[in-house]
Amino acid sequence: KEELDLWLRRCPVKRFKRYLYKKSSIKPKELERIEIGIEKEIDAAISFAKKSPYPKISELTEDV
């Protein structure tokens with residue numbers, strides 16, 4: 001719990017966003033557009049995974 005609390009306070013994503021605002025010319029709207037695109041990509045990947053069939057048992061140890 002303590003480690004989780006520490007990283008929630010020191011969230012690397014939030015820290016990087018602050019860095020981008022300070023050190024680059026990125027605008028909040030542009031960053032928001034990028035975040036929306038990322039969310040759509042993640043949602044599509046989750047949807048694809050849920051619709052995909054489970055692998056055969058014989059395939060479980062392939063490419064490991």
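Quick caveat, the model's predicted, so the values are computed rather than measured.
Rounding to the nearest 0.5 Å gives a distance of 8.0 Å between CG of L8 and NZ of K1. Taking CD1 from I38 and CZ from R33, the interatomic distance works out to 10.0 Å, rounded to the nearest 0.5 Å. Distance check: Y19 OH to I26 CD1 gives 12.0 Å after rounding to the nearest 0.5 Å. To the nearest 0.5 Å, the span separating NZ on K29 from CD1 on I34 amounts to 13.5 Å.
The number of heavy atoms from other shown groups lying within 6.0 Å of CG (L60) is above 12. Counted within 6.0 Å of CD on E3, heavy atoms from surrounding residues, nucleotides or ligands total 12 or fewer; the atom is thus considered open.
For the pair C11 and W7, the minimum side-chain heavy-atom distance is 4.5 Å or more.
Ion pair D5/R9 not flagged as a salt bridge, since none of the NZ, NE, NH1 or NH2 atoms sits closer than 4.0 Å to an Asp/Glu carboxylate oxygen. Look at K56 and E62 and you find no salt bridge, because none of the NZ, NE, NH1 or NH2 atoms lies under 4.0 Å from a carboxylate O.
Although no hydrogens or angles enter the test, the distance criterion places a donor-acceptor pair under 3.5 Å between the side chain of S24 and the main chain of L20.
Of all heavy-atom pairs between E35 and K17, the closest is OE2-NZ, 3.0 Å.
I36 and I46 sit in two unconnected hydrophobic clusters of ILVMFWY residues. Membership requires side-chain heavy atoms under 4.5 Å apart, directly or through other members.
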